[in-house]
Amino acid sequence: MASQSPRQEQIERLRDQGYVVLPRFVPPDELARLNAAARSQLAGREDPVEFEADLQYPGAPPSRTAAGGETVRRLLDAYARDPVFAGCGTAPALRDWMQAYFGEGVLMSRAHHNCLMTKHPLHGSLTNWHRDIRYWSFGREDLVSVWFALGEERIDNGALWFVPGSHRTVFDADRFDDAKFFRADRADNAEIIRGAESPRLAPGDAVFFHCNTLHSAGRNLSGAVKFSLVYTYHGRSNAPKAGTRSASKAEIELG
Ligand SMILES: O=C(O)CCC(=O)C(=O)O
């Protein structure tokens, strides 16, 4: 029997586990440009910017005027910020991968994610367990996000954690709180969270994950800011629902 192509194996893994790491997905020269752009964008702080104090996740400063209140969490609309960010999110290799996954033409949303995530030591927050579908309103719960690690991502600098296979589980609504975070205080949820794993990412690695995969991320206990670029994709036949935030911005056609 002919063996599967590496891409098909990655797709199967995403379908089965809910996430897959593609090592060294970003070529080194592009990675250097992304890192330069990321640092320059953080220094410039041009709008739209989301601050840790705006979200109030655990560990965030209580207000924008408190100590650390100006700590940036996301530099929004990464696609429009710098051509190197746009190029990364629409690269032919990414388009081909997504077309193979969705089996049709692919669009990239600009309504959520589409950001440069910065996780700062001291005032950066942790993100509790959730599914990204909480951000989205689409015909089908079938979107894939890509998380590009611009530097190393480890447990001690706030790396992502995933519960393998959790995207296939149907949970009653009461397993989540009002903000759609998965309630870690419940014994049945805690049992599921015990199965989580945190893939260590090298600079240029990318994690592809399904919008229903349970994930979280810790605080950054290192001495350096962690930078990650994040975009989300869906198939052409899966449209954002009219009147929702998901439909609020024109999307990018990858082909
Ligand atoms: O880096 C983090 O804190 C996780 C971010 C995340 O999961 C999200 O924004 O949906």
Side-chain angles (χ1 to χ4, degrees), residues 14 17-21 34 38 42 48-61 68 71-79 85 89 108-138 141 143-164 166-167 176-177 179-184 189 192-193 196-201 203 205-222 224-234 245-246:
L14 174 58
Q17 297 289 295
Y19 82 94
V20 59
V21 177
L34 286 167
L42 180 59
V49 174
E50 181 184 78
F51 294 91
E52 290 284 5
D54 301 339
L55 277 188
Q56 284 301 299
Y57 286 175
T71 304
V72 171
R73 178 177 172 91
R74 293 188 176 109
L75 293 158
L76 303 173
D77 202 9
Y79 180 82
F85 292 154
M108 184 178 96
S109 176
R110 293 180 70 176
H112 186 72
H113 284 328
N114 178 21
C115 70
L116 181 72
M117 305 270 309
T118 62
K119 185 160 284 196
H120 293 249
L122 283 182
H123 301 292
S125 62
L126 63 79
T127 304
N128 278 323
W129 290 98
H130 65 285
R131 290 173 148 170
D132 278 358
I133 197 66
R134 70 194 279 269
Y135 305 126
W136 301 112
S137 303
F138 275 76
E141 296 188 357
L143 297 94
V144 173
S145 293
V146 181
W147 180 282
F148 301 94
L150 303 196
E152 215 182 349
E153 304 211 11
R154 312 171 305 271
I155 291 173
D156 75 291
N157 74 345
L160 291 164
W161 289 81
F162 297 97
V163 178
S166 55
H167 62 306
F176 296 83
D177 68 16
K180 299 219 173 94
F181 284 104
F182 195 58
R183 292 182 45 195
N189 285 4
I192 284 167
I193 292 167
E197 44 196 46
S198 180
R200 186 174 176 131
L201 303 178
D205 288 358
V207 193
F208 290 44
F209 61 100
H210 190 267
C211 61
N212 270 334
T213 305
L214 283 170
H215 62 287
S216 70
R219 294 194 66 186
N220 185 349
L221 306 177
S222 79
V225 179
K226 178 168 79 62
F227 293 89
S228 328
L229 185 63
V230 195
Y231 290 115
T232 301
Y233 305 86
H234 64 92
R245 182 174 71 154
S246 294

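Remember, it's 1-based here, ligands and their atoms both numbered in the order they're listed. Because the structure is a prediction, the values reported are computed rather than measured.
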Can you check whether Y79's main-chain N or O pairs, donor with acceptor, with N114's side chain at less than 3.5 Å?
-> yes

Please confirm whether the backbone N or O of T71 pairs with a side-chain atom of E52, one donor and one acceptor, at under 3.5 Å?
-> no

For ligand 1, the residues whose heavy atoms come within less than 4.0 Å (ordered by chain, then number) = R73, R74, H113, M117, K119, T127, H130, D132, Y135, W147, L160, H215, A217

Does S145 have any side-chain hydrogen bond (donor to acceptor under 3.5 Å, both in side chains) partners at least two apart in sequence or in another chain, and if so, which?
-> T232

Residue set satisfying side-chain hydrogen bond (donor to acceptor under 3.5 Å, both in side chains) with D177, at least two apart, ordered chain then number -> none

Go through the side-chain N and O atoms of R73 and T127 and say whether any donor and acceptor fall under 3.5 Å apart.
-> yes

Sorted by chain and residue number, the ring pair (Phe, Tyr, Trp, His ring centres under 6.0 Å) partners of F181 (sequence neighbours excluded) come out as Y57, H130

